[in-house]
Structure formats: C-alpha cells, structure tokens
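Working notes, beginning with the structure itself.
Indexing begins at 1, ligand by ligand and atom by atom, following the structure's order. We number each residue from 1, following the sequence as shown.
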Amino acid sequence: MWIDLLTLFPEMFSGVFGDSILKRAQDNGVLRIEATNIRDFAQDKHRSVDDKPYGGGVGMVMMCQPVFDAVESLQQQKPQVDEIILLTPQGQKFDQQLAKQLAQKQRLILIAGHYEGFDERIRSNLATMEISIGDYVLTGGEIPAMIVVDTIARLVPGVLGSAESHLEESFSENLLEYPQYTRPAEFRGMQVPEVLTSGNHERIRKWRLDQARQRTRQRRPDLLNETD
Ligand code: ADE
C-alpha cells in the first residue's frame with residue numbers, strides 16, 4: 001500500500017513513521033509512506049498557501065491552487081489513487097471498520113490542513129472523503145493523519161509480524177482485550193490468576209474469552225451486539 005501525505009509540516013511525520021513496525025514495513029516494501037509539502041506547489045514569491053476568507057472574518061483559509069496542484073502532481077504517478085482524504089473535524093468518524101475498508105485500497109492521499117480550514121472547493125471538488133478522528137478539534141490534521149495511517153497500516157497484510165498479528169486473529173472482533181500477565185507469578189502479594197499457570201490451554205482460552213466479554217460488557221456495552 002502506498003500512502004501520500006500532503007501537509008505544511010512534512011518533518012512532523014519522520015519520527016512517527018521512521019521507527020518500529022511501520023519503519024520495518026517500509027524497509028520491506030510492504031508499505032510506502034511519503035510526506036509532501038503543499039508549500040512546494042505555491043506559486044507566488046511568498047510561497048503562500050493560505051489567504052483571507054471571502055466575506056471577512058478571522059483566520060486564514062487554505063487556498064485551492066497549491067492543494068489541487070499537489071494532488072494532481074501525485075496523481076501523475078501510478079498506481080491510480082483510490083481515495084483523496086481530507087482530515088477535518090467535519091468528516092466521517094474514524095473507526096476500525098473504516099480502517100478495514102481503507103486497508104483494502106492500493107493508494108491513498110491524505111491531506112492535513114491548518115489555519116481555519118480548507119477552501120470549500122477542495123472539499124467538494126477534490127476530496128473523495130473526509131475523516132474526523134473524533135469530536136474534538138486539533139490544531140491541524142497532521143496528528144489525525146498519523147492516527148489514520150497507523151491504524152490502516154497495521155491491517156495491511158505483511159505489516160505486522162506473525163507474533164504481533166496473532167493477537168488480532170485469536171480474538172473476536174468486537175471485544176476489548178483480556179487481562180495479560182507476565183512473570184513473576186506473585187508481585188507484592190498480587191497473584192497471577194491460577195488458570196494462567198495451569199498449563200490447560202482449553203481452560204485458558206475459555207477464561208480469556210470470558211474476561212474479554214465481561215470487560216466489554218462493563219466498559220463498552222455499546223460494542224456488543226444483541227447476540228453476545
Ligand atoms: N483537524 C482538526 N481536528 C480534527 C479532527 N478531530 N479530526 C480530523 N482532523 C482534524
């Protein structure tokens with residue numbers, strides 16, 4: 001999968017995607033993540049990317065021209081871009097289901113905005129979808145873009161190693177994680193549940209499933225459907 005990020009702050013992404021699992025996935029060629037500076041497509045001598053809003057008001061608005069040109073420049077390269085995604089608090093709420101859909105795609109462009117917002121024509125005539133990471137407002141779309149990329153990337157086959165992806169497979173979809181323990185079996189008088197040291201794999205499997213269900217019922221009953 002290939003993901004392009006359009007941003008005014010490409011350097012913000014280098015730390016996040018330059019380490020750990022996503023770094024390894026890029027080194028292995030499973031994933032390609034590229035951040036491009038929208039300002040590289042500005043045309044005036046001040047390299048402007050924003051301007052005052054028509055009709056007055058405070059703040060600045062991201063201009064059409066640099067954003068359209070940046071997207072069109074990325075579209076020159078193959079494969080074809082599947083979605084052009086704007087990160088904005090007005091977008092569709094991001095969740096695991098949307099992440100799964102996007103993980104099927106070959107190529108995505110994510111546009112992170114700053115200032116007061118985007119010229120509406122970017123929204124209506126360029127973007128194919130808008131995503132919000134939640135009902136709160138950040139200073140820009142970069143952190144939301146990181147969250148979206150990280151969530152999608154770990155669903156792309158080959159990004160997680162077998163040990164990392166095992167957890168995903170071994171548990172039902174809509175449940176919170178069961179409790180985990182590691183050595184020692186007793187720490188400051190706090191014991192590891194006996195079942196986990198029993199060596200009985202079937203009992204352990206049932207206990208974990210039961211714990212995950214209980215925990216989900218207590219903390220996130222909204223995740224359980226009628227049949228659970
Ligand atoms: N930009 C600012 N706030 C945002 C949010 N909640 N989701 C996506 N992009 C944003």
Nearest-neighbour protein heavy atom for [atom], which is reported as residue plus atom name and distance:
{"atom": "atom 9 (N) of ligand 1", "result": "T88 N, 3.2 Å"}
{"atom": "atom 6 (N) of ligand 1", "result": "Y136 O, 2.7 Å"}
{"atom": "atom 3 (N) of ligand 1", "result": "L138 N, 3.0 Å"}
{"atom": "atom 7 (N) of ligand 1", "result": "I133 N, 3.0 Å"}

Handout entry: Step-by-step side chain to side chain contact (heavy atoms under 4.5 Å, CB included) determination, F68 to I122
Key = CA-CA 7 Å; F68 272 74; I122 297 173; 4.0 Å; yes
Subset of ligand 1 atoms that lie under 4.0 Å from at least one heavy atom of [X]:
{"X": "V137", "value": "3 (N)"}
{"X": "G134", "value": "6 (N)"}
{"X": "I131", "value": "8 (C)"}

Practice task
Using non-hydrogen atoms of the residue, decide whether G140 is closer than 4.0 angstrom to ligand 1.
Solution key: yes
Handout entry: side chain to side chain contact (heavy atoms under 4.5 Å, CB included) partner of L6, chosen from L110, L74, D40
Key = L74
Practice task
Determine the sole option in L86, I84, I85, I111 for which the side chain to side chain contact (heavy atoms under 4.5 Å, CB included) test with E130 is passed.
Solution key: L86
Problem - Neighbour count above 12 (heavy atom, 6.0 Å) for D135 CG - result: no
Practice task
Look at atom CD of E186 and say whether more than 12 heavy atoms of other residues, nucleotides or ligands are closer to it than 6.0 Å.
Solution key: yes
Problem - ligand 1 contact on P144 by region, counting heavy-atom pairs under 4.0 Å - result: side chain
Exercise for the section: Before giving the answer on side chain to side chain contact (heavy atoms under 4.5 Å, CB included), spell out for F17 and L5 the whole-Å C-alpha distance, their side-chain angles and the decisive distance to 0.1 Å. Expected result: CA-CA 12 Å; F17 298 135; L5 299 152; 3.8 Å; yes
Handout entry: Same apolar cluster: V30 and M1, side chain cutoff 4.5 Å
Key = yes
